[in-house]
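Quick caveat, the model's predicted, so the values are computed rather than measured. Just follow the structure's listing: the first ligand is 1, and inside any ligand the first atom is 1.
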Amino acid sequence: SAQENKMVINADQGTQTISKHIYGQFSEHLGHCIYGGIWVGENSSIPNTRGIRNDVVEALKRINIPNLRWPGGCFADEYHWMDGIGPRENRPKMVNTHWGSVVEDNSFGTHEFLDLCEQLNCEPYICGNVGSGTVEEMSKWVEYITFDGESPMAKLRQQNGREKPWKVKFWGVGNENWGCGGNMKADYYADLYLRFSTYCRNYGENKLFKIAGGPNVDDYNWTETLMQKAGNRMNGVSLHYYVVPNDWKDKGSATQFDENEYYRTIGKAYFMQELVEKHSAVMDKYDPQKKIALMPDEWGAWYNVEPGTNPGFLFQQNTMRDAIIAGVTLNIFNQHCDRVKMSNIAQMVNVLQAMILTDNEKMVLTPTYWVFDLYKVHQEATMLPMILSSNKCENNGKVMDAVNSSASIDADGKMHITLVNIDLSNEQIVSCDIKGHRVSKVSGQILTSPQVNDHNTFDKPNTVKPSDFKGVKMDKQNLSVKLPPKSVVMLELE
Ligand code: AHR
C-alpha cells in the first residue's frame, strides 16, 4: 500500500558545505583489494598502467573518488614503509598476519599508491604505523614523500625515481589503537598521538591534516580523553563502525537473509546517526566551533565471507540491501556535514562493502557503487536544511523511519535530493515543498530491484543498476515523489 510522508526543504537557508571527502574510499593490503583488485603488475595480461588495472581505475573515476585511505586498517600498524620502496625485486617479503597470513611481497608500496592516487585524481590519505613502528619511521615517511630540498629522505626518493615530492594532506596517526593497533588505553594513545604527530612535519607548502585514531563504535570515553588531552593538536578524529547483522561470530550471509534480518541490518545502519551525534556532542565540549572533523574512516556492512573463499580475505557479495545501507549512511553524513568532513567506506575493491568485485580479468560494479554514483552530486554542494516527517517501519519492536533523505544545492544552482525508502513492501509517497528556490524542471534516477537480495555477478553484471526515475510529479513548488519499496532515488531540480 502507499504511505504519505511530508518534507519541507529550505533551499535558501543552507550554510554548510558537504565536503567531497565524505565520499572517500579505503584500500588495505587485505585479500584481493590491492593485489588482484588494483595491482596486477606491469607484466600482467590484464590491461594496466604501470601495473594498475585500467578497468578498475576507469570505473572509479566515474564516481569522482575524492580521497583514498591506505595501507590499512590493521595492516597499517604492521607496515614498515621502507620495505615498499626501491627496485621491486629487492623488496623484502613479509607475512600479512592479520589477513590470512599470506606473503606480502611489498610490490605495491608508496610510489605505486601515489601513482594510483594520481591516476584516480584523488587525495591520498596515508595511515602511519604507531602500533609497531617508531616516531623516526613515521617522521621519515613524511619527509620522503613531501620534502623538496636536500635531505636524506628526499635523496632516497630521488634515487627511487621521483624527483619532486608529492603533496599529501591527510595523515592518520595509527589505526584502531584500542585494538589491532596496539591494544592501548585511551590515555596512553593520546600521549603517543602527541609524540608521533609532533614529528610529522609540514614541509614547504605541504600542510598535513592530522587525524587521530578515534573510537570504536560508542566508546565516548575514548573521544573525550583524546579531545581533552590532544584536541588542540589534531585536525580530525576517526570513528569506526561496521554494520553486522547478527554477531561477530556468525555475522550473517551477504545474500541469504529474511525480512527480520534485513530490518535488523538497516536498524544498525541507522545507528550511525546516534554515533555521529553523541561523539559530536563530546567534541562540542572542547571544540564548540567544530574546527576538528569527525571522520568515520571505516564504515559499511560486514558479513560472513562468500562460501569457499579464504576467511581472512573478507570477500563478500553486495546486494540491494547494501545499496540501502550506503544510501542511509551517506544521507546521515550529509546531514551532519558541519562535523563530519570525511568518511571512508570499507573497502574499495573485493573487501567488505566494496564498490567493485574482480575475478582475474573480470570486473563487476556493485549496487553500492551505483549509490556512490547517484550521490556524487552532493560533493562540495551546500547542504540544505530539511524537515522530514516520515512514516515508520516497525519490525520486532524496532521502529525506524521508512524514508531517509538529504539535499544540497551546487555551484550551478542545481538542487539534488537523495531519498531512500527502506520499506520492503510499501511504496512511500513523499510530498515535498521547496521553499526559497524556483523550480522549473525535475528529473531523477532510481536504484531498485525486484528482490532485496538481488546482486550483480560476473555472469549477470547488470541486475542492479540505476535507471531513469519516472515517479516524480511537479506542481509549482511542490513535488510528489513515489518511492517504490527498497529503493534509492536521486532527484535533480533546476
Ligand atoms: O576493514 C577491515 C578491518 O576492520 C580493518 O583493517 C580494521 O581497521 C578494522 O577492524
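With respect to H32, the ring-ring contact (aromatic ring centres under 6.0 Å, His included) criterion is satisfied by exactly one of W99, F313, W39: F313.
The ligand atoms of ligand 1 that sit less than 4.0 angstrom from a heavy atom of G73 are 5 (C), 6 (O), 8 (O). Less than 4.0 angstrom separates some heavy atom of L352 from each of these atoms of ligand 1: 1 (O), 2 (C). Within the listing of ligand 1, atoms 1 (O) sit less than 4.0 angstrom from a heavy atom of F26. The distance from ligand 1 to the heavy atoms of E176 drops below 4.0 Å at these ligand atoms: 7 (C), 8 (O), 9 (C), 10 (O). Of all the atoms in ligand 1, the ones that sit under 4.0 Å from a non-hydrogen atom of Q347 are 1 (O), 2 (C). For ligand 1, the atoms closer than 4.0 angstrom to any heavy atom of N175 are 8 (O). Taking a cut-off of under 4.0 Å to the non-hydrogen atoms of W99, the atoms of ligand 1 that pass are 3 (C), 6 (O).
Residue contacts with ligand 1: W302 is included, with a non-hydrogen atom under 4.0 Å away.
Looking at I126 and F170, their side chains never come closer than 4.5 Å, going by heavy atoms from C-beta outward.
H279 and Y220 have their aromatic ring centers within a separation under 6.0 angstrom.
Between F257 and Y262, the two ring planes are parallel [angle under 30°; tilted spans 30° to 60°].
Side-chain atoms of Y286 and E224 form a donor-acceptor pair, as typed in the model, at a separation below 3.5 Å. Checking S343 against W299 by side-chain atom types alone, a donor-acceptor pair falls below 3.5 Å.
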